**Q** 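This is the structure, below, for whatever I ask next.
Being a predicted model, the structure only gives us computed values, none of them experimental.
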There are 2 protein chains.
Amino acid sequence: MAGNKGKVTIFDVAKAAGVSSSAVSYALNGKPGVSEATRAKVLRVASELGWKPNGAAQSLAESKTRRIGLILGYDPKLLSVEPYMMGLISGLGAELEEHDYSMLVRLSIGEEDERAIIEDWIATGNVDALLLTNLEIGDPRVDLLKEHPTMKALAIADASLTGGLPTLTSDDAAACGMAVQHLYELGHRNIARVAGPEELGHSYIRDAAFSEITSELGIKYRCLHADYTPEAGADATRRLLSVSPRPTAIIYDNDVMALAGESAANQLGVSVPGDLSIMSWDDSFMCTAAHPNITALNRDIVEAGRMAAALMLKLIDGEEVGVVEEPPYHLRARESTGPAPAEA
Amino acid sequence: MAGNKGKVTIFDVAKAAGVSSSAVSYALNGKPGVSEATRAKVLRVASELGWKPNGAAQSLAESKTRRIGLILGYDPKLLSVEPYMMGLISGLGAELEEHDYSMLVRLSIGEEDERAIIEDWIATGNVDALLLTNLEIGDPRVDLLKEHPTMKALAIADASLTGGLPTLTSDDAAACGMAVQHLYELGHRNIARVAGPEELGHSYIRDAAFSEITSELGIKYRCLHADYTPEAGADATRRLLSVSPRPTAIIYDNDVMALAGESAANQLGVSVPGDLSIMSWDDSFMCTAAHPNITALNRDIVEAGRMAAALMLKLIDGEEVGVVEEPPYHLRARESTGPAPAEA
DNA sequence: TTGTATGCGTTATCAC
DNA sequence: GTGATAACGCATACAA
């Protein structure tokens, strides 16, 4: 309410309400030192004038921005291809909205860039906390943040990668076990996997888990590393299917590659699940939109985002946060996995 | 370089460099009023101390946040399903990084919420400009922003919907023409469309264009409105295929519904493109990852994001921005469209 | 070229 | 319960 051009300040509200500026501040922030009558009046006047505290001034006075930082790895193609990040943002945002917080988002082109952004936030104080995703092994960002404990940070990664930083972790090893078990029970003894980039921390964790589980069960296991894109997923699939004896099942590290892999198999005349079983990781909409539907390890990414936001808010409140577990994976068995073919 | 706990300010830098605070400010901001020697020294000392201007203080002094606001419609499911928004973010971010700007992102649950967020930004001054997407017909946000010209805003929408606000528009009507023309040349005379929500502005634009073009060509045309999700896309497809004579081609307003529609057709024993041609809008990775590949109207969403960011920066600089056109659509013909079947 | 002083809009401390 | 006033950290007009 107001065609205000010159911005309205706390003094305007104070004058209009016939009180002092501190009374306005107290009234607005629910602090004692002001009567109920004046509080009500102040709030009414403030709303009439469409006044809210200026963000910059408030941040400066409180040393608090009410923002958390999020860095998106800049590969525009992959970013829009892979639903994970947007799911995370949905969860983060939903939780943050309830606490009057916002996300400050920046893009990083490479690892160097990402380090620069973190340093920028440390120096400028433009965020109260930040989220670290897609950790690599021995990730320099971890060291950087440990050198600057002033900057609250939460890592989403396996706890073995985060060097003691507050961490939201998922039990990927357990998920690997569920996947292999599912295929083993269907009679598969020659399994392949199309993994994410080798340098990523969670690729590494899964690599280790798969190797161990398959060797325990005496299953043949082969793994190709790709980059999460459909092209790479299709390519890896073709390579896996070109060797003899070819695997009877392929597990993909994300849905995008699984979808592309399924198409690639189709094009080669390899029928799913008759000749080849397919499983995927994450279980986004693609798994159910595909034909045949793709069996997947389902994870609640939005909920993980909510948890991550809640943990960062705890950090900002000065509470201790150690290692917290995401909701567990669930195996969703669908059409793309079936009994292993008689003989390859 | 510094295990600094108490934050370092411009005065610390000034003292360490043996100059005054204003010299530091001038030096850092590349302004005249300081010798090259002192400038160099100041910069060196600042870098040694890891100092950058505090963001809140800078914003307060300059009345400039170096942030643009982005509101994500909060349907976590749809948000992570639909690659459009992330593509836009990629483009926005890429351009903003080059100008030392960031995105402030919030989630809105409904239209009321989104209005509240805009009002919040107007009152708090937490962003220098904001982006309006997914406009509806007679969208109240447009009026709100016209009442508050202080808040720079850019709308991504058909110019007919933005009431004179600065606008980045795309020629969806032309795209509709290309789509129909492509199918017409393949012999299709009974076309259906699975559109986005009826209340969305660009659904409306496309509705009108399709109706006009098909009636001009004397083609049978039917349209069902869905909500962009795979479930709705599959459902609409089944309904369209259940009437006789059934359409020989379906155009989908986004890739997600097209992918789900293709699967639904498969499950019904309707072969693509033998019995049914399928086309999609946007042309994300799903179109090439699907089998058969999906013919699509390709648009460069990332580039649109870059353009949007550049336009907002112009607005912030006080320049006028009218209606600007996105890069044009291109038809990518693929496997999912073929000659119309002889008789339905 | 350099240093000093004031404003930016809040919050919070302190007298009243 | 209320009203001046000092931070908060920077930019900048102004004086030296």
**Q** Distances under 3.5 Å between protein N/O atoms and the N/O atoms of nucleotides 7-9 of chain D, please, pair by pair.
**A**
unit_1 : atom_1 : unit_2  : atom_2 : d
D:dG9  : N2     : B:Ala57 : O      : 3.4

**Q** The criterion is salt bridge (charged side-chain N to carboxylate O under 4.0 Å, His left out); which residues satisfy it with A:Glu82, sequence neighbours excluded?
**A**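 If we apply the salt bridge (charged side-chain N to carboxylate O under 4.0 Å, His left out) test to A:Glu82, skipping adjacent residues, there are no hits.
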
**Q** Any chance the side chains of B:Ser20 and B:Ser22 put a donor and an acceptor closer than 3.5 Å?
**A**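 The answer is yes; a qualifying pair exists.
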
**Q** Just to verify, what does A:Glu36 make a salt bridge (charged side-chain N to carboxylate O under 4.0 Å, His left out) with, not counting sequence neighbours?
**A**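 With neighbours one apart ignored, the set is A:Arg39.
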
**Q** Determine all donor-acceptor pairs shorter than 3.5 Å in which one atom belongs to a side chain in residues 96-107 of chain A; sequence neighbours excluded.
**A**
unit_1   : atom_1 : unit_2   : atom_2 : d
A:Glu97  : OE1    : B:Arg106 : NH2    : 2.9
A:Glu97  : OE2    : B:Arg106 : NE     : 3.0
A:Glu97  : OE2    : B:Leu107 : N      : 3.2
A:Glu98  : OE2    : A:Arg306 : NH2    : 2.8
A:His99  : NE2    : A:Glu95  : OE2    : 3.2
A:Tyr101 : OH     : A:Asp128 : OD2    : 3.1
A:Arg106 : NE     : B:Glu97  : OE2    : 3.0
A:Arg106 : NH1    : A:Asp120 : OD2    : 3.2
A:Arg106 : NH2    : B:Glu97  : OE1    : 2.9

**Q** Roughly how far, to the nearest 0.5 Å, is the CD1 atom of A:Ile156 from the CE atom of A:Met307?
**A**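 The CE atom of A:Met307 sits 9.5 Å away from the CD1 atom of A:Ile156.
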
**Q** At the 4.0 Å heavy-atom cut-off to chain B, mark where contacts on DNA chain C begin and end, going 5' to 3'.
**A**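 The contacted stretch runs from C:dT1 to C:dG9.
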
**Q** Knowing that exactly one of B:Val24, B:Val19, B:Leu43 qualifies, which makes a side chain to side chain contact (heavy atoms under 4.5 Å, CB included) with B:Thr38?
**A**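 Of the listed options, the one satisfying the test is B:Val19.
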
**Q** For residues 10-18 of chain A, run the donor-acceptor check on the side chains, cut-off 3.5 Å, and write out each pair with its distance to 0.1 Å, sequence neighbours left out.
**A**
unit_1  : atom_1 : unit_2 : atom_2 : d
A:Asp12 : OD2    : A:Thr9 : N      : 2.7

**Q** Can you name the side-chain hydrogen bond (donor to acceptor under 3.5 Å, both in side chains) partners of A:Thr124, sequence neighbours left out?
**A** A:Asn126

**Q** When you measure from the side chain of A:Thr169 to the backbone N and O of A:Ala157, does any donor-acceptor pair fall under 3.5 Å?
**A** yes

**Q** Using the C1' atoms of the five pairs at each end, what is the angle between the end axes of the helix from C:dT1-D:dA16 to C:dC16-D:dG1, to 10°?
**A**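 Result, rounded to 10 degrees: 50°.
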
**Q** Who are the salt bridge (charged side-chain N to carboxylate O under 4.0 Å, His left out) partners of B:Glu119, not counting sequence neighbours?
**A** B:Arg115

**Q** Counting any heavy atom closer than 4.0 Å, what does B:Ser59 reach on the DNA or RNA strands: base, sugar-phosphate only, or nothing?
**A**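 No contact at all - B:Ser59 keeps every heavy atom at 4.0 Å or more from the nucleic acid.
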
**Q** Do any side-chain nitrogens or oxygens of B:Lys31 fall under 4.0 Å of OP1 or OP2 in D:dT12?
**A**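 Yes, such a contact exists.
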
**Q** If you measure from CE on A:Met85 to OG on B:Ser80, what distance do you get to the nearest 0.5 Å?
**A** 12.5 Å

**Q** Tell me every residue that passes side-chain contact (heavy atoms from CB on, under 4.5 Å) with A:Ser170, counting only those two or more places apart in sequence or in another chain.
**A** A:Asp172, A:Arg299, A:Glu326, A:Tyr329

**Q** In residues 21-28 of chain A, which ones come under 4.0 Å of DNA chain C, going by heavy atoms?
**A**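 Contacts with DNA chain C under 4.0 Å: A:Ser22, A:Ser25, A:Tyr26.
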
**Q** Only pairs under 3.5 Å count here: list side-chain donor-acceptor contacts from residues 313-325 of chain A, not counting sequence neighbours, and write none if there are none.
**A**
none

